[in-house]
2 protein chains.
Amino acid sequence: MNDRTAASQAERKRGEGAKFVYDILRDDIIDLVLPPGSPIDEVQLAERLSMSRTPIREALVRLAGEGLVTTLPNRSTVVSNIDFLNLHTFFDALTLMYRVTTRLAAEFRSDEDLEIIRARQAAFSRAVEAHDALAMIATNRDFHAAIAEAGRNPYYTGLFCRLLDEGRRILRIYYSSFGDHLPRRYVEEHEDMIAAIEARDVAGADRLARAHADQIVRQIQDMIARDRRQPIAL
Amino acid sequence: MNDRTAASQAERKRGEGAKFVYDILRDDIIDLVLPPGSPIDEVQLAERLSMSRTPIREALVRLAGEGLVTTLPNRSTVVSNIDFLNLHTFFDALTLMYRVTTRLAAEFRSDEDLEIIRARQAAFSRAVEAHDALAMIATNRDFHAAIAEAGRNPYYTGLFCRLLDEGRRILRIYYSSFGDHLPRRYVEEHEDMIAAIEARDVAGADRLARAHADQIVRQIQDMIARDRRQPIAL
DNA sequence: GTTGAATTTCTTGTCGACAAATAAAATACA
DNA sequence: TGTATTTTATTTGTCGACAAGAAATTCAAC
């Protein structure tokens, strides 16, 4: 799978076995190392990570709770499909969470929050400069997650992070079609959002977040319309 | 605990052991049969339900994923506290979900959805007539959950149901202070919402949902202000 | 009587094994 | 040759047991 598997040989503390395999599976699912539909074999995973099936099952239960894997009763558990037929519900929720979290960030952010957000934006900017599409997707997610954290509403951050992760999966499918000019626009939009959050301009933050969300949704829809590899589902 | 425990003697099908104990624990937590802070002993539960610890642990992992229980590493797992200090984040998210789901229901509802919603409203009305506060709380939750289902956005319904369940816990703490006149107002508000959903009046549904949410939030806040038993936390 | 260390107890996290349920393969039959 | 049925095989769900960690208790020293 990946090189982190080597770390499994190192002795792990008691109690973090499940978290260990959870993190590995989660990252691999979001990065599409495990594409939708991939079966997950408990026994195979167990011997690869040199641990019992018990912590692996616990990780799978948690992943199922977040909707990242689907458990067929008495049969295999597979990586959840991306529901292309109902993407509009995803876009709708994503847009709303963009707006709400950015609004709240403008209202409740502390100076430390602002620092973290700026650091995340710097990482995103570097990824854009380097034309590294994969890093762009990841750092963009971290940027907005930091804004959500500044809003200090765990209900929103929870749903938003789930949506952002799902968005990473979708974007990763089409990452080859990323151009060079559009992302730079995102950098500028991010800067505007930071300015609004710093100025505690709630209305402005909402307007920018909405525009930003529309922008991203439109780009994903364009990519899907342009790329007709799997028109129905994966 | 309750009489459902007796059903544990009946033979269960393979694979639904975890769901069985999950449902029991979930209901008991939401109904405050297990109040916040209650420790959950795996071994005790295992022998009471006459099953192994494995399915019980799976249920606990799922409950932890939904935030209903908190697992202290290497120590006991307890029923999660109600965070009275940050109730405003709960009210904020609840209000937003009320609005969004009702809007979407007005937009996408089918005739079958409307039937289900009406049935739930009838149950709520009966509970109000019977002055059964506990049934009121439960049927009110089901009514709004049905509206959310009609909106057909699983991201919203997921968060909303979590919020409604948490609201049930909060309301149940103060259910003794329920009067007789206020709930009747809720019945009428529900009827108005149904009418707006039937007429596909999105703007009206939004307005009614917002007013309804404000109403409920205000009542809970009044109850908390009036009842000073546990001013800080439970 | 109080404080601190050692011991015991109790609960959890992990393991290996077994049995049920399903999928796959092999066989029988038309 | 194609289809139905039995057999095999694989994978999951469950179990009992054991060991690591933390809390509670005991014991000792001052």
Side-chain angles (χ1 to χ4, degrees), chain A residues 1 4-5 7-26 29 34 37-65 67-81, chain B residues 1 4-5 7-26 28-29 34 36-65 67-81:
Chain A
M1 188 177 293
R4 248 170 321 167
T5 309
S8 65
Q9 303 301 345
E11 66 281 357
R12 281 181 303 279
K13 281 176 214 139
R14 173 191 172 86
E16 60 187 28
K19 177 173 169 43
F20 179 74
V21 49
Y22 169 83
D23 287 336
I24 289 181
L25 284 178
R26 186 172 174 280
I29 291 172
L34 294 173
S38 304
I40 298 181
D41 188 335
E42 299 178 2
V43 181
Q44 192 176 325
L45 251 179
E47 51 191 42
R48 172 133 43 87
L49 304 182
S50 61
M51 60 170 73
S52 160
R53 271 177 55 219
T54 307
I56 282 159
R57 292 199 109 238
E58 177 175 335
L60 289 179
V61 170
R62 285 169 58 182
L63 289 169
L68 288 176
V69 304
T70 306
T71 304
L72 293 316
N74 273 318
R75 265 186 294 148
S76 65
T77 98
V78 298
V79 177
S80 294
N81 280 7
Chain B
M1 186 175 294
R4 248 171 320 167
T5 310
S8 65
Q9 303 302 343
E11 66 281 354
R12 282 182 302 279
K13 280 175 216 141
R14 172 193 173 86
E16 61 187 29
K19 176 173 169 45
F20 179 75
V21 48
Y22 168 84
D23 287 337
I24 289 181
L25 285 177
R26 186 171 172 282
D28 284 349
I29 291 172
L34 293 174
S38 304
I40 298 180
D41 189 334
E42 299 177 2
V43 180
Q44 192 177 322
L45 251 178
E47 51 191 41
R48 172 133 43 86
L49 304 181
S50 62
M51 60 171 71
S52 160
R53 273 177 54 219
T54 307
I56 283 160
R57 293 200 108 238
E58 177 174 334
L60 289 180
V61 170
R62 283 169 59 181
L63 289 168
L68 288 176
V69 304
T70 306
T71 305
L72 292 317
N74 271 320
R75 264 185 295 151
S76 66
T77 100
V78 298
V79 177
S80 295
N81 280 9

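Chain naming here is simple, since letters A, B, ... match the order of the sequence lines and numbering starts at 1 in each.
Atom CD of B/E47 and atom P of C/dT11 are 10 Å apart (whole Å). A/I56 places its CD1 atom 14 Å from the C1' atom of D/dT11, with the value rounded to the nearest Å. Taking atom CG of residue A/L49 and atom C1' of nucleotide C/dT14, one finds them 14 Å apart after rounding to whole Å. Distance, A/E42 CD to D/dT11 P: 10 Å, rounded to whole Å. Straight-line distance from the CG atom of B/L72 to the C1' atom of C/dT12: 12 Å, rounded to whole Å. Rounded to an integer number of Å, the gap from B/R53 CZ to D/dG16 P is 12 Å. Computed from coordinates, the B/K19 NZ to D/dT12 P distance equals 21 Å when rounded to whole Å. Remark: P of C/dT11 and CG of B/L60 are 14 Å apart, rounded to the nearest angstrom.
If you find the closest nucleotide of DNA chain D to A/R14 and to B/P55, the one lying nearer the 5' end belongs to B/P55. Mapping A/G17 and B/D41 onto DNA chain C by nearest heavy atom places B/D41 at the nucleotide closer to the 5' end.
In terms of heavy-atom proximity, A/P55 sits nearest to A/S52 at CD-O, 3.4 Å. Among all heavy-atom pairs drawn from B/V69 and B/S80, the shortest one is C-OG, 3.1 Å.
The side chain of A/V43 lies closest to D/dT12 when the candidates are D/dT14, C/dC15, D/dT12.
Between A/L25 and A/L34, some side-chain heavy-atom pair lies under the 4.5 Å cut-off. Looking at heavy atoms from C-beta onward, A/L63 lies out of side-chain contact with A/I40 at the 4.5 angstrom threshold.
Across all strands shown, B/E58 has no heavy atoms under 4.0 Å from either base or sugar-phosphate atoms. The residue B/I40 sits close only to the backbone: its heavy atoms come under 4.0 Å of sugar-phosphate atoms, none of a base.
Between B/R75 and D/dA23 there is a side-chain N or O to OP1 or OP2 distance below 4.0 Å.
Applying the side-chain hydrogen bond (donor to acceptor under 3.5 Å, both in side chains) rule to B/D41 yields no partners; only residues at least two apart in sequence or on another chain are considered.
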